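What you see is a predicted model; the values in this text were computed from it and never measured. Position 1 is the first residue of the sequence, and the numbers go up from there. Excluded from the calculations below are hydrogen atoms, water molecules and symmetry mates; all remaining heavy atoms, backbone and side chain alike, are included.
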Amino acid sequence: MTTVATPTEVFHALADGVPRLVLGDRSQLDQLVALYAEHTDVRHPFAPFPAKPLRTRDDLRRHFGGATTATDGVESFAAVGRTVHATADPEVVIGEFRYVGRAHTHTHTHDFDIPCISVLRVRDGQIVESRDYTDAVGFARAFGRPDELAAALAA
């Protein structure tokens, strides 16, 4: 008999996999995409400009695939300080954590600490809905891309 991952287990698998992917472990791409249902609804409400919802595994593959190219110079990256909050709905958990690490940018090396919250709806062991609240400005600073962010906001 196969056991189905709980929402809390799925959250931790996601929080473990994203840093590994950012640090260059391309094998994480398939594992991360497999955490989601074929038809899902992933949104980033704090994105600095309107972002289209990610609705399919192909959308997620493109999204996660960009993580390895957008984060050149990252020396360390981890999801720490994790707290998982249960809700009245057994499918929904709220994961509170921080991405911390060290990155080399064009001019210097620095540490970063970016707060995040993920609200996940997990059904039959797969994410069917997600709202990811992350600090886009913090990520732009961490990865040495504030000029790209400013240009995108001005466009």
Side-chain angles (χ1 to χ4, degrees), residues 1-48 51-86 91-106 109-145 148-149 152:
M1 183 163 129
T2 304
T3 58
V4 174
T6 68
T8 296
E9 291 168 336
V10 171
F11 165 76
H12 285 296
L14 184 63
D16 289 337
V18 169
R20 289 182 189 135
L21 180 65
V22 167
L23 290 172
D25 182 354
R26 298 287 296 174
S27 72
Q28 293 299 308
L29 183 59
D30 289 335
Q31 292 177 38
L32 286 167
V33 170
L35 294 174
Y36 293 83
E38 180 54 46
H39 298 286
T40 190
D41 184 358
V42 178
R43 297 175 191 247
H44 299 90
F46 287 171
K52 293 171 75 173
L54 305 172
R55 303 257 190 215
T56 67
R57 286 185 176 152
D58 287 339
D59 291 346
L60 289 158
R61 185 172 304 286
R62 283 188 293 278
H63 172 74
F64 285 125
T68 56
T69 58
T71 54
D72 293 338
V74 177
E75 181 179 305
S76 63
F77 191 77
V80 302
R82 298 181 205 177
T83 301
V84 180
H85 304 278
E91 291 185 340
V92 177
V93 294
I94 301 167
E96 190 177 0
F97 62 104
R98 298 179 342 270
Y99 282 127
V100 298
R102 185 168 183 79
H104 306 284
T105 61
H106 305 301
T109 300
H110 64 279
D111 296 322
F112 58 86
D113 189 330
I114 302 168
C116 305
I117 293 176
S118 291
V119 181
L120 304 178
R121 177 176 298 279
V122 177
R123 188 173 297 137
D124 298 325
Q126 294 184 315
I127 301 167
V128 296
E129 187 177 12
S130 176
R131 300 296 176 268
D132 300 320
Y133 300 90
T134 59
D135 178 2
V137 174
F139 270 116
R141 283 185 184 133
F143 301 137
R145 306 181 104 172
E148 289 177 40
L149 176 61

### Message
Distance check, rounded to the nearest 0.5 Å: R43 atom CZ versus Y133 atom OH?
### Response
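If I round to the nearest 0.5 Å, the distance is 10.0 Å.
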### Query
Rounded to the nearest 0.5 Å, how far does CG of L35 lie from CZ of R57?
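One gets 9.5 Å once the value is rounded to the nearest 0.5 Å.
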Side chain to side chain, [X] and [Y], heavy atoms closer than 4.5 Å:
X	Y	result
V122	Q126	no
I117	I94	yes
V92	V119	yes
R26	R20	no
I127	L14	yes
L54	T40	no

### Task
Please confirm whether the backbone N or O of D25 pairs with a side-chain atom of Q28, one donor and one acceptor, at under 3.5 Å?
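No, the answer is negative, given that no donor and acceptor are paired below the 3.5 Å cut-off.
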### Task
Output yes when a side-chain donor or acceptor of D59 lies under 3.5 Å from a complementary backbone atom of R55, and no otherwise.
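It does hold such a pair.
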For [X], side chain to side chain donor-acceptor pair (under 3.5 Å) partners two or more places apart:
X	value
T83	none
D58	none
E75	H104
S118	D132

Considering all heavy atoms of both residues, which atom of [X] and which atom of [Y] are nearest to each other, and what is their separation?
X	Y	answer
F11	G95	CE1-CA, 3.6 Å
V93	P7	CG1-CB, 3.6 Å
V18	L32	N-CD2, 3.9 Å
A79	P19	N-CG, 3.8 Å
A103	A142	CB-O, 3.2 Å
V10	A5	CG2-CB, 3.7 Å

### Task
Only pairs at least two apart or in different chains count here, so list each ring-ring contact (aromatic ring centres under 6.0 Å, His included) that has a residue in residues 16-35.
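Non-adjacent pairs meeting ring-ring contact (aromatic ring centres under 6.0 Å, His included): zero.
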### Query
Between R61 and D30, is the closest basic N to carboxylate O distance under 4.0 Å?
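Looking at D30 and R61, the cut-off is met.
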Return the set of residues passing ring-ring contact (aromatic ring centres under 6.0 Å, His included) with [X] (not counting sequence neighbours), or none when no residue passes.
X	value
H44	H63
Y99	F77, F97, F139
H85	none

### Task
Check the pair Y36 / T56 against side-chain contact (heavy atoms from CB on, under 4.5 Å), numbers first and verdict last.
CA-CA 8 Å; Y36 293 83; T56 67; over 6 Å; no
### Task
Could you name each residue pair satisfying salt bridge (charged side-chain N to carboxylate O under 4.0 Å, His left out) that touches residues 109-119, not counting sequence neighbours?
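Pairs touching residues 109-119 that pass the test: R98-D113, R102-D111.
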### Task
Quick one: list whatever passes salt bridge (charged side-chain N to carboxylate O under 4.0 Å, His left out) with R131, sequence neighbours left out.
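Partners of R131 by the salt bridge (charged side-chain N to carboxylate O under 4.0 Å, His left out) criterion, ordered by chain and then number, come out as D41, E129.
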#### Entry: Set of side-chain contact (heavy atoms from CB on, under 4.5 Å) partners for A136, sequence neighbours left out
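In terms of side-chain contact (heavy atoms from CB on, under 4.5 Å), with neighbours along the sequence ignored, A136 is linked to P48.
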### For A51, side-chain contact (heavy atoms from CB on, under 4.5 Å) partners two or more places apart
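Here the qualifying residues are A47.
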### Task
In sequence, state the C-alpha distance, the side-chain angles, and the governing distance for T134 and F46, and then conclude on side-chain contact (heavy atoms from CB on, under 4.5 Å).
CA-CA 6 Å; T134 59; F46 287 171; 5.8 Å; no
